[in-house]
Structure formats: C-alpha cells, structure tokens
Amino acid sequence: MPRMQTPLRWSDRLIAALDDGLRVLGGASHAARPSPAEQVADAPELSTAERRTSAALLRVNHAGELAAQGLYSGQALLARASQTRAQLRAAAREESDHLAWCAARLDELGGRPSVLAPFWYAGSFCIGLLAASCGDKQSLGFVAETERQVEAHLDDHRRRLPAADRKSNAILTRMAADEAHHGTMASLAGGAELPSPVRRCMAIGGEMLRRIAALV
Ligand SMILES: [Fe+2]
Ligand SMILES: [Fe+2]
C-alpha cells in the first residue's frame with residue numbers, strides 16, 4: 001500500500017531553509033541537468049577581451065541566481081498551501097541548475113563570483129518572506145513578475161555577449177526558457193497581477209543587483 005507523505009512541520013521547514021542557504025552560499029549546488037554549454041560543439045576560442053566581457057555578464061547572472069534561490073526559499077518557507085510550496089520548491093530545483101551552470105561557466109572564463117553573494121542571498125530571502133506573508137496569490141504573482149523581468153534581462157545579456165561565446169549563450173537561452181516556464185506556471189496557479197508601484201520597486205531592485213554585481 002502506498003505510504004502517505006506526512007506534511008513537514010514548521011521546524012523541519014525552517015531547518016530545510018537553513019540547509020538550503022548553507023548549501024547555496026557554500027557553493028555546493030549541483031546541477032541535476034547537464035549544462036547547455038556542454039552541448040555546444042566547436043565553440044571558437046575567446047580573446048582576452050571577450051572572456052572579460054563574458055565573465056562580467058556571467059557574474060551578474062550568477063548573483064541573480066543566488067537571489068533566485070533566496071527568493072524561492074523564503075517564499076516556500078511561508079507558503080500557506082502545500083501545493084504552492086511544492087511548486088516553489090520544484091522551480092527552485094531548476095534554478096539550482098542555473099546557479100551551478102553559471103558558476104561553472106564563470107570559472108571557465110576565469111571570472112569570480114560577486115563578493116556580495118551572502119547579501120544577494122540573504123536580502124532576497126527576506127524579500128521572499130515578505131512576498132509570501134502577503135498570501136499565496138500575491139507570492140505566485142511575485143514569481144510571475146520576477147520571472148518576466150528576469151527573462152527581459154536575459155534577452156539583454158544575450159545580445160551583449162560576444163558572438164563567439166556560444167557556450168554562455170546556450171546557458172542563458174536555456175535559463176530564459178525555464179524562467180518563462182516558472183512564470184507561466186505561477187500565473188496558472190493563481191498568481192495575482194501586482195500593483196504597478198510594486199512592479200517598479202522590483203525593477204529597481206533588479207537593476208541595483210545588475211549594476212552592483214557587475215562591479216563587485
Ligand atoms: Fe534562474
Ligand atoms: Fe527564475
């Protein structure tokens with residue numbers, strides 16, 4: 001007879017969230033799917049300037065994926081319905097692939113992650129808690145809007161990557177498809193349209209991350 005899954009208690013969820021944070025900040029995220037960069041055959045060698053440009057862009061994306069882990073973890077912790085929590089955690093697992101792919105590519109390019117990594121994660125975790133505290137519909141609406149903004153950002157970065165960097169391009173392309181899927185699923189699950197001042201604040205937050213992570 002199939003065993004019924006017991007819902008996790010609050011204390012278990014808190015421990016799982018702390019464990020997530022330590023794993024993410026400790027660089028222990030592993031990709032469940034192979035990196036799209038591995039499927040790019042015969043990628044041309046990059047010049048020093050091209051590597052530098054790509055590494056700067058990848059550092060921003062790596063910081064963004066740290067932020068995504070923080071948001072999803074905070075939102076999952078305070079989600080009201082177990083279905084919402086399961087959906088958030090499923091999306092976070094795919095985001096974990098993005099983090100591992102960006103980390104590996106950044107390393108290949110000779111770049112280094114943003115020194116503000118703990119800040120990106122912890123700040124986003126708090127924002128995730130705040131979004132979830134407004135209720136599941138708002139929290140799912142927050143996912144849909146975040147993913148919409150991230151998709152636009154990824155399009156911009158794909159245009160700015162050196163044409164020869166087909167490996168990074170493959171990673172960002174796959175990420176954009178996943179982000180679109182997460183956003184659509186959140187809307188279909190009942191995500192509410194967020195008020196425009198909130199959407200603007202989110203855009204400002206995203207822009208701050210992009211500008212600061214590009215520098216440090
Ligand atoms: Fe992502
Ligand atoms: Fe995302």
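Remember, it's 1-based here, ligands and their atoms both numbered in the order they're listed. All values below were derived from every heavy atom in this structure, side-chain atoms included, with hydrogens, water molecules and symmetry-related copies excluded.
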Original post:
Are a donor atom and an acceptor atom from the side chains of Q69 and E65 found within less than 3.5 Å of each other?
Top reply: no

Subject >> R210 vs D156, salt bridge (charged side-chain N to carboxylate O under 4.0 Å, His left out): CA-CA, chis, key distance, verdict >> reply: CA-CA 12 Å; R210 277 189 286 280; D156 173 54; over 6 Å; no

Subject >> side-chain hydrogen bond (donor to acceptor under 3.5 Å, both in side chains), paired with E179, selected from H98, R174, R148 >> reply: H98

**OP:** Evaluate side-chain contact (heavy atoms from CB on, under 4.5 Å) for F119 paired with S114, printing each intermediate quantity in order.
**Re:** CA-CA 10 Å; F119 173 78; S114 166; over 6 Å; no

Original post:
Looking only at heavy atoms, which two atoms of I171 and R105 are closest? And how far apart?
Top reply: CD1-CB, 3.6 Å

**OP:** Can you list, by chain and residue number, the protein N, O or S atoms under 2.8 Å from the Fe ion (ligand 2)?
**Re:** E95 OE2, E147 OE1, E147 OE2, E179 OE1

**OP:** Would you tell me whether H181 and E94 have side-chain atoms, one donor and one acceptor, within less than 3.5 Å of each other?
**Re:** no

